[in-house]
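The first residue of the sequence shown is numbered 1, and numbering continues consecutively from there.
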Amino acid sequence: MVEADQAISDFVYCFSAFHNIAAIEEGIIIPNGKIDLVLSLDDKGQFHISLLGLETEPKMTPKQTFTKFFSISFEPLAVEYILRTEVADLLNSGKKMPDNFWGFTAEDLSDFEVFCLKASRVITSLIPNEVDQRKQLLFAELRMANGEVKVGEIAEKLGWSSRQINQYFNRFLGVSLKTYCRILRFQSSLRHIWEGELYPQLSYTDQSHFIKEVKKLSGVSPKELSRNENSRFLQFLVYDKK
């Protein structure tokens, strides 16, 4: 995983690469609060580009064999300003993009570092001169707070009503702000779970609430998630245990 440069960090979280993903049996993707553009090469040499919407539940990886798998994980602000499309209809799903999207080709999957540089240049060129500062501040606040915010409080701080914020989230992402915050909090818990801290580190009501939320978003208990048997939870592959 390579974090995005500061210049595009409002729009991009990171770039990731996996190789021979078919070697991972029963791979599971769990919600991360990001929108992913995935570029892949299958075992027949076919090049694919797909846009994946937000995930609100765990899902199995496709059955198709991929020899290379690069992805760009976008922050929600990118939906409106970089991708320039709504992804509400892609909730827990995705769609195939044109094979020449943003000028990418199969050759771009030969070198991950070069791919990151090319993607960063393209994204930089797409950033508009004006971006709604309320939206920038909203997503910055959510990231810093790991989703642990109250809708009413952040609405008052931004001078943007709760109803309008939720309309924005539902229109562009397909979820409410509250649901999105739950995903962010869960994602922030993953590092703790990976390190064997199987009790709430964030603002869960109690242990029971923590277990219930983890099960809802990953399909398993915190203990089973921590084990990550057969490396099936793909997001854990970017972590290193202390």
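In this structure, CD1 on Ile211 lies 16.0 Å from NZ on Lys216, to the nearest 0.5 angstrom. Note that CE of Met1 and SG of Cys116 are 11.0 Å apart. Values are rounded to the nearest 0.5 Å. How far CD of Glu75 is from CD1 of Ile82: 12.0 Å, rounded to the nearest 0.5 Å. How far CD1 of Ile123 is from CD1 of Ile8: 4.5 Å, rounded to the nearest 0.5 Å. Here the CD atom belonging to Glu197 is positioned 10.0 Å from the CZ atom belonging to Arg191, to the nearest 0.5 angstrom. Atom CG of Leu51 sits about 6.0 Å away from atom NZ of Lys95, to the nearest 0.5 Å.
Not a single donor-acceptor pair under 3.5 Å links the side chain of Ser226 to the backbone N or O of Pro222. A donor-acceptor pair under 3.5 Å is formed between the side chain of Lys68 and the backbone N or O of Leu109. Put simply, the side chain of Asp5 never gets that close to the backbone of Ala7: no donor and acceptor are under 3.5 Å apart. Under a 3.5 Å cut-off, the side chain of Asn166 and the backbone N or O of Leu177 do form a donor-acceptor pair. Distance alone, capped at 3.5 Å, is enough to place a donor-acceptor pair between the Tyr81 side chain and the Asp132 backbone. With hydrogens and angles ignored, the 3.5 Å screen pairs no side-chain donor or acceptor of Tyr199 with any backbone N or O of Gln207.
With contacts defined as side-chain heavy-atom distances shorter than 4.5 Å, the pair Trp102/Lys118 does not qualify. You'll find the side chain of Leu190 reaches within 4.5 Å of the side chain of Leu225, heavy atoms only. Counting only heavy atoms from C-beta outward, the side chains of Asp36 and Ile72 never approach each other to under 4.5 Å. Side-chain contact check for Ile30 versus Phe186: some heavy-atom pair is nearer than 4.5 Å. Considering only heavy atoms from C-beta on, Val151 stays 4.5 Å or farther from Ile165 through its side chain. Leu138 is listed as a side-chain neighbour of Ile154, based on a closest heavy-atom distance under 4.5 Å. In this structure, Pro31 and Leu54 have side chains that are not in contact, with every pair of non-hydrogen atoms separated by 4.5 Å or more. Side chains of Ile183 and Asn32 form no contact here, defined as non-hydrogen atoms less than 4.5 Å apart.
Phe70 and Phe15 have their aromatic ring centers separated by at least 6.0 angstrom.
A side-chain donor from one of Ser161 and Gln164 sits under 3.5 Å from a side-chain acceptor of the other. In this structure, a donor-acceptor pair under 3.5 Å is absent between the side chains of Thr67 and Asp43.
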For Leu126 and Phe11, what are the C-alpha separation, side-chain angles and deciding distance, and is it a side-chain contact (heavy atoms from CB on, under 4.5 Å)? CA-CA 11 Å; Leu126 292 171; Phe11 306 98; over 6 Å; no

Please evaluate residues Val38 and Phe69 with respect to the criterion side-chain contact (heavy atoms from CB on, under 4.5 Å), reporting the C-alpha separation (whole Å), side-chain torsions for both, the decisive distance (0.1 Å), and the verdict. CA-CA 7 Å; Val38 174; Phe69 187 99; 3.4 Å; yes

Apply side-chain contact (heavy atoms from CB on, under 4.5 Å) to Val131 and Asp10, showing your working. CA-CA 10 Å; Val131 177; Asp10 280 345; over 6 Å; no

For side-chain contact (heavy atoms from CB on, under 4.5 Å), just list the numbers for Leu39 and Phe101, CA-CA rounded to whole Å, side-chain angles, deciding distance to a tenth of an Å, and then say yes or no. CA-CA 10 Å; Leu39 300 88; Phe101 183 74; over 6 Å; no

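The salt bridge (charged side-chain N to carboxylate O under 4.0 Å, His left out) contacts involving residues 145-161 comprise Glu141-Lys157, where partners must be two or more places apart or lie in separate chains.
Relative orientation of the Phe172 and Tyr168 rings is tilted, given thresholds of 30° and 60° on the angle between their planes. Using a 30° and 60° split on the angle between ring planes, Phe169 and Phe139 fall in the tilted class, from 30° to 60°.
Summarising the local packing, OH of Tyr13 is surrounded by 12 or fewer heavy atoms from other residues, nucleotides or ligands at distances under 6.0 Å. When the shell of 6.0 Å around NZ of Lys215 is examined, it contains 12 or fewer heavy atoms from other residues, nucleotides or ligands. More than 12 heavy-atom neighbours from other residues, nucleotides or ligands sit within 6.0 angstrom of CD on Gln136.
Taking a cutoff of 4.0 Å between a charged side-chain nitrogen and a carboxylate oxygen, Lys44 and Asp42 do not qualify as a salt bridge.
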